[in-house]
Amino acid sequence: MDDPGRMMGGGLMPPQPYGMTPQGEAPPGNENEPRKQDIGEILQQIMNITDQSLDEAQARKHTLNCHRMKPALFSVLCEIKEKTVLSLRNTQEEEPPDPQLMRLDNMLIAEGVAGPEKGGGAGAAASGSAAAQAGQPDNAIEHSDYRAKLAQIRQIYHQELEKYEQACNEFTTHVMNLLREQSRTRPITPKEIERMVQIIHKKFSSIQMQLKQSTCEAVMILRSRFLDARRKRRNFSKQASEILNEYFYSHLSNPYPSEEAKEELARKCGITVSQIASWFANKRIRYKRNVGQSQEEANLYAAKKAARSAAYNSAPSPITSMDSLGYYD
DNA sequence: ATTTATGATTTGCA
DNA sequence: TGCAAATCATAAAT
């Protein structure tokens, strides 16, 4: 008999399935190659995106977004980010209020530039009341001039500030849109967007600080120009000159007002006692220099005084005290 | 642009 | 310290 076993044995030889690989380790090299290539390509496209025209870029973006590898790329980026974000964690610094900026802000408010719009400024009001004992057209004129200039500065300041504010907002929304759009392609947390916004604001606020700086400078210059006595001399008001001249020509024989008289004149003219003294010193020396020419003026004021005396005699005015010194001559 | 008027400062005197 | 005189600096007029 035959040997079925043999047959069996031979027959049992497992058939070699050609071309049939055990599943699993099949084409790792085979498919990895094109994937790498894809990513490189995609990255290249991303890099090039800024060089392209808008329409083109739009189209490319679209194809990128629809690319079958996009989710993979996204997750890779996520992974990378996961690793690096830890190192970025602590870059979250508290925003310390800049002392310099606060100084500028305080000053602008104090000067009435940054504060309430039509308040007129506390400083101006204070100095105004300090000098408001007697009606003083002189100071009032100077003050209104000062106020006008200050208002001008304030207007420009607010104008510029608003401009910056607007530009900042515009830029911020622009960047936010950009980031939001990019967040479809790469992972961006809201925190990051917030941080970016903060950075932008910081940049713009530094520009604003420059504005505040120069505004402060302008205010300082304005102050020194108007409020410093010596810098820019201002003539006394017509009224003050009248009063002084009347006194001078009424006391031509002895044009040396006493301390009390000086105070009275200072009060009436709205200037200081030392200014009165200075005025009389100048007047005396300049009168003496050319008595002839001053004679006309002397007559003028003598006539005025006479007229005033007559007016007083018929209807006494509420003005009192030292004024009566002008009566005799 | 130049001159004059005028308020402020400086100097020296008593 | 208060003043005269000279001088400075700027506003106002020419």
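The chains referred to below are lettered A, B, ... by the order of the sequence lines, with proteins before strands, and numbering in each begins at 1.
- Computed from coordinates, the A:N282 CG to C:dT7 C1' distance equals 11 Å when rounded to whole Å.
- For A:Q275, counting side-chain heavy atoms from C-beta on, the closest listed nucleotide (B:dA8, C:dA5, B:dT6) is B:dA8.
- Listed nucleotides C:dA9, C:dA5, B:dT9 differ in distance to A:I285; the shortest reach to its side chain belongs to C:dA5.
- Checking C:dA11, C:dC3, C:dA6 against the side-chain heavy atoms of A:R289 singles out C:dA6 as nearest.
- In this view, A:S241 satisfies the side-chain hydrogen bond (donor to acceptor under 3.5 Å, both in side chains) rule with no residue, not counting sequence neighbours.
- A salt bridge links A:E264 with A:R267; the closest basic N to acidic carboxylate O contact falls under 4.0 Å.
- The pair A:K163-A:E160 counts as a salt bridge, with a side-chain nitrogen and a carboxylate oxygen less than 4.0 angstrom apart.
- Taking atom CZ of residue A:F236 and atom P of nucleotide C:dA12, one finds them 13 Å apart after rounding to whole Å.
- Checked against a 6.0 Å centroid threshold, the rings of A:F280 and A:Y247 count as neighbours.
- Residue A:F280 contributes atom CZ, which lies 18 Å from atom P of B:dT9 at whole-angstrom precision.
- Nucleotide C:dC3 holds its C1' atom 18 Å from the NZ atom of A:K283, rounded to whole Å.
- Within the 4.0 Å cut-off from OP1 or OP2 of C:dA11, not a single side-chain nitrogen or oxygen of A:R234 is found.
- Rounded to whole Å, the distance from CH2 on A:W279 to P on C:dA4 is 13 Å.
- Note on A:K262: only backbone sugar-phosphate atoms sit closer than 4.0 angstrom, heavy atoms only; bases stay farther off.
- Within the nucleic acid shown, A:R286 comes within 4.0 Å of at least one base atom, counting heavy atoms only.
- On a pure distance criterion of 3.5 Å, no polar donor-acceptor pair joins the side chain of A:N235 and the base of C:dA12.
- Atom pair A:R284:CZ and B:dA8:P shows a separation of 15 Å (rounding to whole Å applied).
- At whole-Å resolution of the value, CG in A:L244 and C1' in B:dA8 are 15 Å apart.
- One finds no salt bridge joining A:E246 and A:K268 here, because no Lys/Arg side-chain nitrogen approaches an Asp/Glu carboxylate oxygen to under 4.0 Å.
- In this structure, A:F248 atom CZ and B:dT6 atom C1' are separated by 14 Å, rounded to whole Å.
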